[in-house]
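Following: one structure in structure tokens, then a few remarks.
Each ligand, and each atom within it, is numbered from 1 in the order the structure gives. Residue indices begin at 1 and follow the sequence shown. Values below: all heavy atoms of this structure, side chains included; hydrogens, waters and symmetry mates excluded.
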Amino acid sequence: MKVPVEIITLLKKEEKFLIMTHINPDGDAIGSSTALSLALGSVGKETLLYDRDPVPQFYRFLPGYERFTNSISSLVTGHWSLILLDCNSPERAGIDNLTFKHSIVIDHHETERDFGDIRWMDTETAATGLMVFYLIKELGIKITRDIAINLYSAISIDTGTFRYSNTTPEVLRVGAELIEAGANPYYISNSLYETWSGGRFDLLIRALNTLEIRDDIAITTVTKEMFIKTRTGPEDTENFSNFPRMIQSVRISALFREIDTGLWKVSLRSKGDVNVARIAELFDGGGHKNAAGYKIKADLESAKEALLKAVNGYCHKSQQT
Ligand code: 5GP
Ligand code: MN
């Protein structure tokens, strides 16, 4: 993979970097940002790692995660260069009205916004963690054990731990290199998948109990009341929409999570050629071919109907092309 030379030049020249990623950060967002902060820090650069939302409890095994802060002064940012990871617009990062000395975007999402002085977008790449891996190597910085754990976790999350269609020979080669650098696959998989709180599991049971299958679309719902009853939060629903995809006949799985009365976050997962990023875009959201999301203001039934209508329209269109 070719790292843009302008990024290398800028990272070598500048001293202060704000590293930011998307709201509701997932493993790729947190792992790739933390890895880059550790790497730049190891060569004497100053970094500030920002996310609007806190790092979920189950990602707190990642070395260096505590570098994340959710407070930032707009007085400071003008002197710092921004590196925006795993998303490509200030809105997705939950930041508005901030100015930066320079801005670099490093992302692999299909939905693009026109932001950043230097944009490195590679939609063919499985994870932002993979791009950061090549970036760190190109900078001549040593991949320490802590960096390796972060990058291996980032790549694991976005490839379903080396199962999804984005798992290429290159992904496995980088994974092998990260293991050689000290990432332990058993420890990481155990930390990622087998450390759920009882409340989170209870929430999953409740979500799966709402399952309805309409045509080949599986729909599950998580309400605010369920969060209260299980003492959990929105971050605990990460990956919930993957479960109904286990049913053979299901082509799209949609999880409706209640943000507020009449406001829903929809997480879409699909199989094979069904491109859910195209569906999410219709609602001003975005994502990847097989994993995307959006927000919708509506009552639950209307929100479901709107999705079914959009999927029908999408299927109709893709049959014609
Ligand atoms: P999730 O369903 O896990 O929240 O997100 C799946 C994928 O879609 C992730 O890559 C995430 O960044 C992207 N995504 C989720 N919600 C949104 C959204 O509202 N807007 C955009 N642009 N991307 C989203
Ligand atoms: Mn990602």
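- With rounding to the nearest 0.5 Å, the separation of CZ in R67 from CD1 in I19 is 8.5 Å.
- Only protein N, O or S atoms were scored, and 4 of them lie under 2.8 Å from the Mn ion (ligand 2).
- The aromatic rings of H109 and H22 stand perpendicular to each other, their planes meeting at an angle above 60°, with 30° marking the opposite boundary.
- Listed by chain and number, residues touching ligand 1 at under 4.0 Å (heavy atoms only) are R92, H109, K265, S267, R269, G285, G286, G287, H288, A291, A292, G293, Y294.
- For the pair R278 and Y314, the cation-pi criterion (under 6.0 Å, within 45° of the ring axis) is not fulfilled.
- A side-chain N or O of N242 and one of R245 form a donor-acceptor pair less than 3.5 Å apart.
- Residues satisfying the salt bridge (Lys or Arg N to Asp or Glu O under 4.0 Å) criterion with E235, sequence neighbours excluded, are absent altogether.
- Checked against a 6.0 Å centroid threshold, the rings of Y152 and F162 count as neighbours.
- Within the structure, the side chain to side chain donor-acceptor pair (under 3.5 Å) test picks out the following pairs touching residues 166-177 (sequence neighbours left out): Y134-E170, K137-E177.
- Two residues are said to be in side-chain contact when any heavy atoms from C-beta on lie closer than 4.5 Å; M121 and V105 meet this criterion.
- Of the listed residues (I23, T21, L84), just one forms a side-chain contact (heavy atoms from CB on, under 4.5 Å) with R92, and that residue is I23.
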